[in-house]
Amino acid sequence: MSKDEQQRPEARKPRGFPDRTAAVIAAERRLVDAISTVYQRWGFDALDTGPFEYVDALGKFLPDTDRPNSGVFALQDDDEQWIALRYDHTAPLARYVAENWERIPKPFRRYSAGPVWRNEKPGPFRFREFIQCDADSVGVAGPAADAEMIAIAAEAMQAAGAGQGEYVIRVNSRQILDGIMETAGVIDPAQRGTVLRALDKFDKFGVEGVSLLLGRGRKDESGDVTQGAGLAANQIDVLIEFITSRSTTRSETVRKLANSTGMTRSGAQGVAELAEIDAILSALGIGDDAAAFDPSIVRGLEYYTGPVFEAEFLREFRDADGNPMRFGSVGGGGRYDGLVARFRGEPAPATGFSVGVSRLAAAMAATGEEKVQGPVLVLVLDKDQLADYATLASDLRRAGIRAEMYLGSSGMKPQMKYADRRNSPAVVIVGGNEREKGVVTIKDLNAGAAAAKGMTDNDAWRSERPGQFECPRSEMVARIKAIVGQP
RNA sequence: GCCGGCUUAGCUCAGUUGGUUAGAGCGCUAGAUUGUGGAUCUAGAGGUCCCCGGUUCGAGCCCGGGAGCUGGUACCA
């Protein structure tokens with residue numbers, strides 16, 4: 001091995017930070033654009049904060065303040081203060097609002113789209129950097145603001161391309177969850193955390209799995225055991241009955257919850273809020289299929305204080321190997337009344353919603369739903385005619401058509417292959433014959449490929465030249481516009 | 001983080017009890033075709049058998065350690 005080779009770095013990529021292809025980027029832009037438009041229309045103003053925040057401003061919600069790098073990406077600044085990349089848009093917003101409290105209008109409504117970073121184990125369609133599209137209202141108390149947020153979430157999902165029945169916003173209330181835990185006799189805060197996390201797994205593990213997690217614990221596929229909450233059978237019954245009390249309509253679910261025995265004061269208040277949210281959603285035209293009440297929704301732990309909601313994309317995708325894959329949650333939000341107050345000591349109620357754009361975009365690109373059309377390619381056959389080829393490409397660009405002159409040094413066949421790989425819609429061919437006649441030859445590559453499908457004989461394929469035609473130079477732009485579908 | 005599986009050509013994978021020069025399909029490059037992306041045929045290029053150490057006359061294969069990938073689980077503010 002030469003010295004040179006020993007010093008050569010290995011070309012490798014840190015995991016969880018995917019290289020994004022043109023198809024993914026196109027999907028991301030389309031989603032960010034569509035969702036931002038919804039937020040804008042509902043009266044939110046754009047506001048972006050920087051990528052870094054002080055660790056203490058990101059909050060007590062860090063899992064372990066002694067190890068500032070677990071969960072977030074943190075580093076020590078010149079002045080020895082710890083700063084960290086934001087893990088969502090909500091915490092930075094709370095800091096901004098607290099810092100600019102005297103200047104901003106209240107209620108304060110803003111949206112933001114941009115990357116956030118989480119230092120966690122990445123998985124399929126789960127990244128350490130991803131784009132979130134976020135809307136928040138600060139300074140608004142009461143269920144009307146939450147109902148609005150839920151309606152916006154539904155609109156955002158539709159804007160992202162989810163049709164009727166392809167998505168659902170599941171709604172629950174932290175107050176009701178607190179109430180039911182009190183009823184079940186779960187008092188210890190640590191145990192409450194374990195119980196909430198167990199309830200949140202209902203979607204994944206069903207009644208049986210959640211019961212195990214609430215009781216002794218559960219063994220996973222690999223044989224590893226998850227410690228349970230250690231509840232007694234009668235306590236587990238109360239909680240299981242609660243999370244399965246979902247009905248097909250919001251009003252029926254509310255009725256069931258209201259009638260459930262031993263409901264506490266906090267629980268009753270939560271139920272009353274859901275009833276109000278239901279009424280407003282109905283007035284806004286949000287049906288039971290678009291927004292449902294689901295007692296098994298929990299969403300994280302620390303900062304939510306009231307209604308919580310989760311957006312689920314129901315459409316089934318297939319991965320590269322053709323295996324069906326479900327999305328699950330692509331967004332979430334809820335009421336977080338304590339987050340701004342943390343900085344100020346006076347109440348600042350708030351509610352918000354966030355869509356995880358990157359996962360959606362990556363899946364859409366993976367399923368081929370998002371395909372990027374390449375440029376029209378002007379082939380270079382005679383090296384002494386470069387100026388002429390450059391003019392042809394320029395004429396196309398001036399008409400708004402994506403076009404390039406071939407810049408390599410290869411022959412015609414490699415140029416055709418290049419056009420194919422770029423997913424070009426067409427190539428422009430001008431050789432001696434065409435120049436003499438004052439025409440160009442245009443080859444519609446998609447039409448050519450379609451026509452070639454039935455041909456098995458090479459000579460026929462050669463002589464027929466499917467998808468190919470000559471036209472006067474003056475008609476080139478118009479003919480190519482027709483091929484690329486541009487008016 | 002915890003538990004499991006995997007790692008051989010660009011990709012997907014064979015590789016016998018530990019035995020000479022490690023294979024296939026696909027892909028890639030070139031030609032058959034003066035100027036044509038598919039198909040067919042022909043030829044060619046392409047390897048640190050993940051890394052380090054051990055056992056052995058001999059290791060892709062056995063043993064120990066490490067790394068990476070992957071699935072489950074935990075965490076997900």
Side-chain angles (χ1 to χ4, degrees), chain A residues 1 5-6 10 12-15 53 55 58-65 67 70-72 84 86-92 94 116-124 126 128 130 193-194 197-198 200-201 204-205 209 213 217-227 298-304 320-321 329 332 334 336 338-339 354 356 374 377 379-382 410-434 441-468:
Chain A
M1 194 189 290
E5 270 173 286
Q6 284 171 14
E10 189 189 344
R12 67 204 197 282
K13 185 182 67 58
R15 62 173 182 278
E53 294 288 338
V55 165
L58 283 178
K60 60 178 177 177
F61 310 104
L62 285 166
D64 186 347
T65 40
R67 290 183 304 146
S70 67
V72 299
R86 64 182 178 218
Y87 52 77
D88 70 6
H89 292 301
T90 309
V116 301
W117 296 268
R118 294 185 189 183
N119 195 358
E120 294 167 343
K121 180 184 161 186
R126 190 184 165 135
R128 293 204 284 176
F130 55 96
T194 309
R197 285 192 293 266
D200 201 28
K201 302 287 188 300
K204 214 170 175 183
F205 301 145
L213 285 172
R218 177 181 175 275
K219 199 183 274 190
D220 75 21
E221 274 174 36
S222 69
D224 195 25
V225 177
T226 305
Q227 191 67 39
V298 175
R299 282 211 64 73
L301 281 185
E302 292 286 353
Y303 73 42
Y304 292 116
D321 301 324
S329 170
Y336 50 97
L339 212 48
S354 181
L377 185 70
L379 301 194
V380 172
L381 301 183
D382 305 312
S410 304
M412 182 167 184
K413 187 167 175 163
Q415 294 190 39
M416 289 300 297
K417 274 196 170 183
Y418 173 75
D420 196 40
R421 288 204 169 164
R422 290 293 305 276
N423 195 28
S424 292
V427 297
V428 174
I429 305 167
V430 178
N433 296 345
E434 284 87 355
T441 295
I442 293 169
K443 180 159 188 156
D444 179 335
L445 291 182
N446 293 327
K453 227 167 214 166
M455 301 168 96
T456 50
D457 177 48
N458 191 47
D459 290 332
W461 149 258
R462 296 277 145 176
S463 58
E464 198 135 324
R465 301 204 162 150
Q468 199 165 318

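Heavy atoms only: backbone and side chains are in, while hydrogens, waters and symmetry mates are out.
- Under 3.5 Å, the side chain of Glu434(A) and the base of G35(B) form at least one donor-acceptor pair of N or O atoms.
- With a cut-off of 3.5 Å on both Watson-Crick or G-U wobble distances, the partner of U17(B) is given as none.
- Looking at heavy-atom distances under 4.0 Å, Gly123(A) makes no contact with the nucleic acid at all.
- Going from atom CG of Leu381(A) over to atom CD of Glu434(A) covers 7.5 Å, rounded to the nearest 0.5 Å.
- A cation-pi arrangement, defined by a distance under 6.0 Å to the six-membered ring centre and an angle within 45 degrees of its axis, is present between Arg218(A) and Phe205(A).
- Look at CG on Asp224(A): it is 5 Å from C1' on C2(B), rounded to the nearest Å.
- Base pairing of G46(B): no nucleotide in any strand meets the Watson-Crick or G-U wobble criterion (both distances under 3.5 Å).
- Comparing the P positions of G54(B) and U48(B) gives a spacing of 22 Å, expressed to the nearest Å.
- In this structure G58(B) sits in no base pair that meets the Watson-Crick or G-U test at under 3.5 Å.
- For Tyr87(A) and A77(B), the ring-to-base geometry satisfies the stacking test (centroid distance below 5.5 Å, interplanar angle below 30°).
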>> Leu213(A) vs Thr226(A), test: side chain to side chain contact (heavy atoms under 4.5 Å, CB included). Steps then yes/no.
In response: CA-CA 7 Å; Leu213(A) 285 172; Thr226(A) 305; 3.8 Å; yes
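- With P as the reference atom, G72(B) and U20(B) are 40 Å apart, rounded to whole Å.
- When each of Asp220(A) and Gly432(A) is assigned the nucleotide of RNA chain B bearing its nearest heavy atom, the one mapping closer to the 5' terminus is Gly432(A).
- Residue Phe205(A) is in sugar-phosphate contact alone, with no base atom involved, counting any heavy-atom pair closer than 4.0 Å across all strands shown.
- The side chain of Arg197(A) lies closest to C76(B) when the candidates are U73(B), G37(B), C76(B).
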> Checking side chain to side chain contact (heavy atoms under 4.5 Å, CB included) for the pair Ile429(A)/Met412(A): CA distance, chi angles, key distance, verdict?
Replying inline: CA-CA 10 Å; Ile429(A) 305 167; Met412(A) 182 167 184; 4.0 Å; yes
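- Looking only at side-chain heavy atoms (C-beta outward), Arg15(A) and Arg128(A) come within less than 4.5 Å of each other.
- Note on Lys121(A): every side-chain N or O is 4.0 Å or more away from OP1 and OP2 of G71(B).
- A 3.5 Å limit on both hydrogen-bonding distances identifies G25(B) as the Watson-Crick or G-U partner of C11(B).
- As a whole-Å value, the separation of Trp117(A) CH2 from C76(B) C1' is 17 Å.
- Atom pair Tyr418(A):OH and U29(B):C1' shows a separation of 19 Å (rounding to whole Å applied).
- If you measure from atom CZ of Arg126(A) to atom C1' of U70(B), you get 15 Å, rounded to the nearest angstrom.
- Out of G35(B), C75(B), G68(B), the shortest distance to the side chain of Arg15(A) is found at G68(B).
- Look at the P atom in both G31(B) and A67(B): the space between them is 48 Å, to the nearest Å.
- Computed from coordinates, the Leu379(A) CG to G37(B) P distance equals 11 Å when rounded to whole Å.
- Looking at Arg118(A), its side chain has no donor and acceptor atom pair within 3.5 Å of the base of C75(B).
- Ring pair Tyr336(A)/Tyr304(A) is perpendicular by interplanar angle, where above 60° counts as perpendicular and below 30° as parallel.
- Mapped onto RNA chain B by nearest heavy atom, Gly431(A) and Arg421(A) fall at different nucleotides, with Arg421(A) at the one closer to the 5' end.
- For the pair Lys443(A) and G35(B), the criterion of a side-chain N or O lying under 4.0 Å from OP1 or OP2 is not met.
- Nucleotide U34(B) forms a pair with no other nucleotide shown, judged by Watson-Crick or G-U wobble geometry with both contacts under 3.5 Å.
- For the P atoms, the distance from C63(B) to A45(B) is 37 Å, rounded to whole Å.
- Expressed to the nearest 0.5 Å, how far OG1 of Thr194(A) lies from CD of Gln227(A) amounts to 9.0 Å.
- Using Watson-Crick or G-U wobble geometry with both donor-acceptor distances under 3.5 Å, C75(B) finds no partner in any strand shown.
- In this structure, Met416(A) and Leu377(A) have side chains that are not in contact, with every pair of non-hydrogen atoms separated by 4.5 Å or more.
- The side chain of Lys417(A) contributes no N or O atom lying less than 4.0 Å from OP1 or OP2 of C28(B).
- Between the CZ atom of Arg465(A) and the C1' atom of G35(B) there is a distance of 6 Å, given to the nearest Å.
- Between the CG atom of Leu213(A) and the P atom of U73(B) there is a distance of 10 Å, rounded to whole Å.
- As rounded to the nearest Å, A59(B) and C52(B) have P atoms that lie 14 Å from one another.
- When Watson-Crick and G-U wobble pairs are counted only if both distances are under 3.5 Å, G53(B) pairs with C63(B).
- If you check distances only, the side chain of Gln468(A) does reach the base of U36(B) with a donor-acceptor pair under 3.5 Å.
- Between Lys413(A) and G37(B) there is a side-chain N or O to OP1 or OP2 distance below 4.0 Å.
- Spacing of P atoms, A39(B) relative to C26(B), comes out at 11 Å, to the nearest Å.
- Summarising the geometry, the separation between NZ on Lys201(A) and P on G72(B) is reported as 14 Å, rounded to the nearest angstrom.
- Only the C1' atoms considered, G58(B) is 7 Å distant from G19(B), to the nearest whole Å.
- Nucleotide G68(B): paired with C6(B) (Watson-Crick or G-U wobble, both distances less than 3.5 Å).
- Listed candidates were C3(B), G35(B), A74(B). Nearest to the side chain of Leu381(A) is G35(B).
- Remark: the separation of the C1' atoms in G27(B) and G37(B) is 16 Å, to the nearest Å.
- Counting any heavy atom pair closer than 4.0 Å across all strands shown, Lys204(A) reaches sugar-phosphate atoms only and no base atom.
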>> Run the side chain to side chain contact (heavy atoms under 4.5 Å, CB included) test on Val298(A) and Arg197(A) for me, step by step, so that the C-alpha distance in whole Å, both residues' side-chain angles and the decisive distance to 0.1 Å come before the verdict.
In response: CA-CA 8 Å; Val298(A) 175; Arg197(A) 285 192 293 266; over 6 Å; no
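- For Met412(A), taking side-chain heavy atoms from C-beta onward, the closest of the listed nucleotides C69(B), U36(B), G37(B) is U36(B).
- Side-chain proximity of Arg218(A) to the nucleotides U36(B), G37(B), U73(B) is greatest for U73(B).
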